[in-house]
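What follows is a single structure, written as structure tokens, with notes after it.
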Amino acid sequence: MEDQVAEQSVLGIVPARGGSKGIPGKNIRQLAGKPLLAHTAIAAKKSTYLSRILLTTDDAEIARVGKQAGLEVPFIRPAELALDSTPMIDVVLHVLQWVRERGERYDAICLLQPTSPLRSGETIDRCIRSLWHRGVDTVVSVRPVPHEYNPYWVFVETGEGLLERSVRDREISCRQQLPNAYRCDGGVYVVRTPVIIENHALYGQTTLGVTSPESEAFDLDTEEQWIALERSLRSEP
């Protein structure tokens, strides 16, 4: 089974555009003594199964920092693919087109966003192994959702300002009867290449979740989160 995994080619893709609004300059900002981007580069290089790791960016300074961190930066992403509104799937498709034009083919891609700096090389490899062992289209790293936020107990607001249950097929009042629920933690996405090309999507018909250790599941989105993470990392022995 392990030989089967080793035979597959997986392209690591690290997306890092300039012009971040939530945390200005976040991809090259220092976090615990290293640029944010470097934390992902270190984890990616520890992976056993990534065949190649490419950084896709529109920003020359991010490209320079990425190269220093050991990532390949063979092209600069077009500006029209680095907007706030640019879907991630378009960024991935651009990378795949670039490598295909140069005669390279990969069985799957592994998307590693710099905003998940705590994810480890082992978690990356667990996700990649799971893709081949389970025969699914997509594997994502996840964390359990607390029962009080389970979709069966969550309400959404209607256009009229009223509340309705998120899941309405049946009502569950007992916590013990709730199905397990998970959220994507943003750390790892592994997707078979044909799924991406044929569906223009990161999700196929079958998706598997691999639970990240709680210590790794941190997705940076705000300045407050950055300050909290910086404080936590600096307090570690």
Side-chain angles (χ1 to χ4, degrees), residues 10-20 22-77 81-82 86 88-89 91-92 94-96 99 106 108-129 131 138-143 184-191 202 210-223 225-226 228-230 232-234 236:
V10 183
L11 177 63
I13 300 177
V14 181
R17 70 182 182 90
S20 170
I23 307 175
K26 65 184 177 185
N27 287 305
I28 57 176
R29 181 173 168 180
Q30 295 284 312
L31 176 69
K34 302 184 197 67
L36 177 66
L37 185 58
H39 292 270
T40 289
I42 291 169
K45 289 188 293 182
K46 288 181 178 178
S47 167
T48 302
Y49 303 121
L50 291 180
S51 308
R52 190 179 184 186
I53 310 164
L54 299 184
L55 170 65
T56 168
T57 183
D58 62 313
D59 186 276
E61 182 62 13
I62 292 176
R64 184 187 67 79
V65 172
K67 289 178 181 178
Q68 287 183 340
L71 300 175
E72 290 188 62
V73 194
F75 59 83
I76 293 295
R77 192 196 312 174
L81 290 177
T86 301
M88 185 59 70
I89 184 60
V91 176
V92 172
H94 174 258
V95 175
L96 285 175
V99 296
Y106 293 91
I109 68 97
C110 179
L111 183 66
L112 301 169
Q113 301 179 100
T115 46
S116 296
L118 303 184
R119 138 261 291 126
S120 66
E122 172 54 30
T123 294
I124 294 171
D125 282 351
R126 283 196 297 123
C127 290
I128 293 173
R129 284 195 299 268
L131 186 78
T138 303
V139 174
V140 295
S141 57
V142 298
R143 287 295 303 161
C184 290
D185 62 25
V188 185
Y189 297 79
V190 186
V191 193
L202 294 175
V210 169
T211 304
S212 296
E214 186 175 0
S215 60
E216 294 184 18
F218 197 101
D219 187 24
L220 279 171
D221 191 47
T222 66
E223 183 68 26
Q225 289 174 330
W226 186 291
L229 180 56
E230 180 82 47
S232 173
L233 292 175
R234 290 197 179 280
E236 291 181 354

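Note that this is a predicted model, so its numbers are computed, not measured.
In this structure, V190 and C127 approach most closely via the heavy-atom pair CG2-CB, 3.8 Å. Considering every non-hydrogen atom in both S47 and I124, the closest pair reads OG-CG2, 3.9 Å. Residues S215 and L118 approach most closely at O-CD1, 3.3 Å, considering heavy atoms. Closest heavy-atom contact between V191 and T138: CG1-OG1, 3.7 Å.
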S212/R126 under side-chain hydrogen bond (donor to acceptor under 3.5 Å, both in side chains): CA gap, chis, key distance, verdict: CA-CA 10 Å; S212 296; R126 283 196 297 123; 5.4 Å; no

Steps toward side-chain contact (heavy atoms from CB on, under 4.5 Å) verdict (E61, I28): CA-CA 8 Å; E61 182 62 13; I28 57 176; 3.5 Å; yes

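More than 12 heavy atoms of other residues, nucleotides or ligands shown are found within 6.0 angstrom of CD on E230.
Applying the side-chain hydrogen bond (donor to acceptor under 3.5 Å, both in side chains) criterion to T56, with sequence neighbours excluded, gives R77. Every residue two or more places apart in sequence or in another chain that forms a side-chain hydrogen bond (donor to acceptor under 3.5 Å, both in side chains) with E216 is listed here: S120, T123. Among residues two or more places apart in sequence or in another chain, the salt bridge (charged side-chain N to carboxylate O under 4.0 Å, His left out) test is passed with R143 by none. Considering only residues two or more places apart in sequence or on other chains, T115 meets the side-chain hydrogen bond (donor to acceptor under 3.5 Å, both in side chains) condition with D219.
L111 has its side chain within reach of M88: a pair of non-hydrogen atoms, C-beta onward, lies under 4.5 Å apart. T40 has its side chain within reach of R119: a pair of non-hydrogen atoms, C-beta onward, lies under 4.5 Å apart. Taking 4.5 Å as the limit, every side-chain heavy atom of L54 sits out of range of all side-chain heavy atoms of V14. For the pair P117 and L229, the minimum side-chain heavy-atom distance is below 4.5 Å. No side-chain heavy atom of V210 sits under 4.5 Å from any side-chain heavy atom of V188.
With rounding to the nearest 0.5 Å, the separation of CG in L55 from CG in L37 is 5.5 Å.
A side-chain donor-acceptor contact under 3.5 Å links S51 to the backbone of V10.
The salt bridge (charged side-chain N to carboxylate O under 4.0 Å, His left out) analysis of residues 28-54, with sequence neighbours excluded, yields the pairs R29-E223, R52-E72, R52-E104. Listed by first and then second residue, the ring pair (Phe, Tyr, Trp, His ring centres under 6.0 Å) pairs that reach into residues 53-77 are F75-H94, F75-W98, sequence neighbours excluded.
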